[in-house]
Amino acid sequence: MTKNNKFALIDCNNFYASCERVFEPKLEGKPIVVLSNNDGCIVARSNEAKALGIKMGVPYFQIKNLILQNDVVVRSSNYPLYGDMSSRVMRIIAQYSPIQEIYSIDESFIDLEGLPFDLVTHMQSLRRQVRCWTGVPVCVGMGSTKVLAKLANRIAKKYPKFNGVFDIDALPYQRYKRLLRSVEVGDLWGIGRQSAKKLSRININSSYDFYKADIGIIETLLGVNGKRVYQELRGHSCVSIECIPPTRQQIVSSRSFGADLTDFDELNQALTILTRRAVNKLNNHKLAATTLTVFIYTNPHKKDKPCVHLSKTVGMTTATQDESLLIPLTAKILKLIYEPGHSFYKGGIVLGNLSKNYRQQDLFSMNQNSQSKADNYSKFNAIQSINRRFNESVKYASEVGNDMWQSRADFRSNRYTTSWNELLLV
DNA sequence: TCTGGGGTCCTAGGACCC
DNA sequence: TCTGGGGTCCTAGGACCC
């Protein structure tokens with residue numbers, strides 16, 4: 001290690017559940033769960049819900065009884081609300097360090113190295129300010145590597161005596177050792193279920209077992225990623241902060257449908273709308289794509305029916321961001337892969353091989369009537385600006401249909417911060 | 001009846017080249 | 001009987017993250 005790194009990980013506590021509470025304070029102290037799209041699985045739980053033994057990721061229908069018996073409050077996920085709350089939290093965090101990485105919707109790393117403050121006090125004031133300005137509770141973990149900051153955050157959350165801020169570097173070795181013994185290796189950042197299983201076969205179960213292990217064995221078993229975690233756990237920083245998000249490689253837009261679909265037109269409606277969403281994202285990032293993948297799946301959980309994965313990728317000669325090309329192309333690909341007789345439960349599209357959108361011309365189409373190209377381009381722009389202003393009011397015919405594909409969201413709260421019609425009433 | 005969505009990176013294997 | 005060595009690129013699948 002050449003320099004003394006110092007990272008902090010700020011993580012919102014039970015983020016989605018906390019966002020719901022901000023706008024419904026009567027939920028304070030009650031068990032809350034938030035469901036995934038289509039009200040399928042549990043994706044967030046308040047502490048009270050965790051205490052009831054509700055696990056992350058379990059299907060909602062499997063624990064419906066438990067939920068009813070314990071008066072658990074259920075919410076469908078409300079991404080416009082969470083996304084907006086997240087950006088408010090992130091802006092506050094940014095004031096506490098010049099170097100910030102927004103790692104996920106509810107987590108941010110900042111670089112604390114060289115800051116002329118007492119770091120624990122500095123982070124306590126961050127916590128207070130986020131809580132006070134947004135209503136969202138956060139905890140802060142500090143360490144000389146990202147893996148250690150993550151681990152420290154766990155401790156900050158778990159033990160109230162630290163008041164939400166914990167610096168793992170401050171521990172003397174004996175206590176650090178004890179801490180590692182109490183954490184399963186699979187709870188380290190970067191060690192997932194499969195790796196934990198492999199490690200368990202050679203009697204590595206706790207983080208301390210992992211810490212003590214031979215680096216060669218770890219690399220053989222887990223590859224470079226495992227080796228990185230190992231080194232970070234020993235205080236050698238291998239993963240740096242990324243202030244600028246790397247250009248994305250692909251844009252995915254997919255859904256499990258509200259009901260199983262068998263009909264071509266129903267599938268086409270769903271995929272058209274999903275394509276439009278992906279294209280909007282593409283344009284927001286000022287990117288263009290050269291490949292388009294369309295896929296439809298039957299439900300793998302239904303054991304009595306064959307599990308069918310149909311998909312096809314096509315490449316285009318030039319990178320495009322034009323929905324008037326991509327939407328018909330989706331329909332064309334769907335026609336190629338579609339097989340009648342199956343019940344499809346999920347589908348989507350992937351835009352791949354993304355590049356910066358320079359509106360580059362195809363070398364081989366230079367001779368084409370450039371006037372028709374220009375017409376096409378201005379039509380595309382006109383539709384886009386109308387849709388931005390009037391809420392997606394110009395549609396493709398294939399976007400209109402029976403809406404059978406629409407996901408369930410039976411328990412959605414209001415979009416309090418992003419929709420005029422859904423403001424909080426006082 | 002009912003089982004998320006959106007990403008990244010790594011690795012192994014195939015195709016291809018000289 | 002006997003079938004090189006070294007390299008690149010692409011893709012599919014696996015593992016991980018939230």
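Just so we're on the same page: letters track the sequence lines, and every chain starts at 1. Just so it is clear, the structure is predicted and the values come from calculations on it, not from any experiment.
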Chemist: With a 4.0 Å cut-off on N to O distance, would you call A:D167 and A:K6 a salt bridge?
Modeler: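 Judged by the 4.0 Å cut-off on N to carboxylate O distance, A:D167 and A:K6 do form a salt bridge.
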Chemist: Please tell me which of A:G223 and A:K302 maps to the more 5' nucleotide of DNA chain B, matching each residue to the nucleotide holding its nearest heavy atom.
Modeler: A:K302
Chemist: With sugar-phosphate meaning primed atoms plus P, OP1 and OP2, does A:N37 contact a base, only sugar-phosphate, or nothing at under 4.0 Å between heavy atoms?
Modeler: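 Here A:N37 touches the backbone only, sparing every base.
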Chemist: Under 4.0 Å between a side-chain nitrogen and a carboxylate oxygen: does that hold for A:R228 and A:E219?
Modeler: no
Chemist: Determine whether A:D11 and A:R154 satisfy the following criterion, salt bridge (charged side-chain N to carboxylate O under 4.0 Å, His left out), listing intermediate values before the conclusion.
Modeler: CA-CA 9 Å; A:D11 192 326; A:R154 244 182 99 84; over 6 Å; no
Chemist: What nucleic acid atoms does A:S253 come within less than 4.0 Å of, heavy atoms only: base, sugar-phosphate, or nothing?
Modeler: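 Sugar-phosphate: the residue A:S253, judged by heavy atoms under 4.0 Å, touches backbone atoms but no base.
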Chemist: Would you mind classifying the nucleic acid contact of A:L35 as base, sugar-phosphate or nothing, using non-hydrogen atoms under 4.0 angstrom?
Modeler: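 Touches nothing.
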Chemist: Which part of the nucleic acid does A:L188 contact within heavy-atom distance under 4.0 Å: base, sugar-phosphate only, or nothing?
Modeler: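 Touches sugar-phosphate only.
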Chemist: For a quick check of understanding: with a heavy-atom distance under 4.0 Å over all strands, which category does A:K198 fall into, base, sugar-phosphate or nothing?
Modeler: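 Answer is nothing: A:K198 stays at 4.0 Å or more from every strand.
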Chemist: Heavy atoms only, 4.0 Å cut-off, all strands: where does A:D39 land among base, sugar-phosphate and nothing?
Modeler: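 The answer is nothing, as A:D39 stays clear of every strand by at least 4.0 Å.
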Chemist: Over all strands shown, is A:Q249 touching base, sugar-phosphate only, or nothing at heavy-atom distances under 4.0 angstrom?
Modeler: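 Touches sugar-phosphate only.
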Chemist: For A:Q100, run the side-chain contact (heavy atoms from CB on, under 4.5 Å) check against A:I93, A:I10, A:I241 and tell me which one passes.
Modeler: A:I93
Chemist: Which comes earlier along DNA chain B counting from the 5' end, the contact point of A:L222 or that of A:R408, where each point is its nearest nucleotide?
Modeler: A:R408
Chemist: Could A:K346 and A:D260 be called an ion pair, given the rule that one side-chain N must be under 4.0 Å from one carboxylate O?
Modeler: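 Salt bridge flag = no for A:D260 with A:K346.
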Chemist: Partners of A:H301 by ring pair (Phe, Tyr, Trp, His ring centres under 6.0 Å), sequence neighbours excluded?
Modeler: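 With sequence neighbours excluded, A:H301 shows a ring pair (Phe, Tyr, Trp, His ring centres under 6.0 Å) to no residue whatsoever.
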Chemist: Looking across every strand, which nucleic acid part, if any, lies under 4.0 Å from A:S195 by heavy atom: base, sugar-phosphate, or nothing?
Modeler: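 Result for A:S195 = sugar-phosphate.
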Chemist: Would you mind classifying the nucleic acid contact of A:R277 as base, sugar-phosphate or nothing, using non-hydrogen atoms under 4.0 angstrom?
Modeler: nothing
Chemist: What interatomic distance, in whole Å, is found between C1' of B:dC17 and the corresponding atom of C:dG4?
Modeler: 14 Å
Chemist: Check every strand shown and say whether A:K197 touches a base, only sugar-phosphate, or nothing at a heavy-atom separation below 4.0 Å.
Modeler: nothing
Chemist: Is any side-chain heavy atom of A:Y211 closer than 4.5 Å to a side-chain heavy atom of A:Y176?
Modeler: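 Yes, their side chains come closer than 4.5 Å.
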Chemist: At 4.0 Å (heavy atoms only), tell me whether A:I251 reaches a base, stays on the sugar-phosphate, or touches nothing.
Modeler: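 The answer is sugar-phosphate, as A:I251 gets under 4.0 Å only of primed atoms, P, OP1 or OP2.
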Chemist: What would the secondary structure line of DNA chain C be in dot-bracket form, counting Watson-Crick and G-U wobble pairs under 3.5 Å, with [ ] for pairs that cross earlier ones and | for pairs with another strand?
Modeler: ....||||||||||||||
Chemist: Would you grab the first and last nucleotide of DNA chain B (5' to 3') that comes under 4.0 Å of any non-hydrogen atom in chain A?
Modeler: B:dC2 to B:dT11
Chemist: Using a 4.0 Å heavy-atom cut-off across all strands, classify A:Y60 as base, sugar-phosphate, or nothing.
Modeler: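 No contact at all - A:Y60 keeps every heavy atom at 4.0 Å or more from the nucleic acid.
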Chemist: Decide, yes or no, whether a salt bridge links A:E20 with A:K30 under the criterion of side-chain N to carboxylate O below 4.0 Å.
Modeler: no
Chemist: Salt-bridged, A:K150 to A:E232, with N to O below 4.0 Å?
Modeler: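 No, this pair does not count.
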Chemist: Would A:E242 and A:K146 count as a salt bridge (charged side-chain N to carboxylate O under 4.0 Å, His left out) if you check the C-alpha gap in whole Å, the side-chain angles of each, and the deciding distance to 0.1 Å?
Modeler: CA-CA 12 Å; A:E242 301 196 33; A:K146 282 181 159 182; 5.8 Å; no
